[in-house]
Amino acid sequence: MPTGMIQSKSLSILQDQLTHEFIACKKAEHYAQTFQNAELKTLAGELANCHKQRYDRLFNYLNSWQ
């Protein structure tokens, strides 16, 4: 395998993780919009931000291999 390439198994795992982070972010954003309790709303918003940051890092990492 040429250097500078991601193995297909590793790529599959990274793509799955990217999908999981996207879904988790969207769910947390939804909860942040629907909670009435201010503390839960804030917590869900912070959680959404964490998942968004991880998604962005994975996305940028995968794009760096192009």
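For clarity, every value in this text was computed on a predicted model and none was experimentally measured.
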If two hydrophobic side chains count as joined below 4.5 Å and joins carry through other members, does Phe22 share a cluster with Phe59?
-> yes
To the nearest 0.5 Å, how far apart are CG in Leu58 and CG in Asp16?
-> 11.0 Å
Looking only at atom types and distance, does a side-chain atom of Ser64 sit under 3.5 Å from a main-chain N or O of Tyr61, one as donor and one as acceptor?
-> yes
Within a reach of under 6.0 Å around CZ of Phe35, are more than 12 heavy atoms found that belong to other residues, nucleotides or ligands?
-> yes
Do you know the tightest heavy-atom contact between Ala48 and Cys25?
-> O-SG, 3.5 Å
Taking the side chain as C-beta and beyond, is there a heavy-atom pair between Gln15 and Leu11 under 4.5 Å?
-> yes
Measuring from Ile23:CD1 to His20:NE2, what's the distance to the nearest 0.5 Å?
-> 7.0 Å
Per the side chain to side chain donor-acceptor pair (under 3.5 Å) rule, which among His51, Gln53, Lys26 passes with Glu21?
-> His51
If you round to the nearest 0.5 Å, how far is OH of Tyr55 from OG1 of Thr19?
-> 8.0 Å
Measure the CG-CD distance between Leu47 and Glu29 for me, rounded to the nearest 0.5 Å.
-> 10.5 Å
When you measure from the side chain of Thr42 to the backbone N and O of Ala38, does any donor-acceptor pair fall under 3.5 Å?
-> yes
Starting at CD1 of Ile6, measure out to CD1 of Ile13 and round the result to the nearest 0.5 Å.
-> 11.0 Å
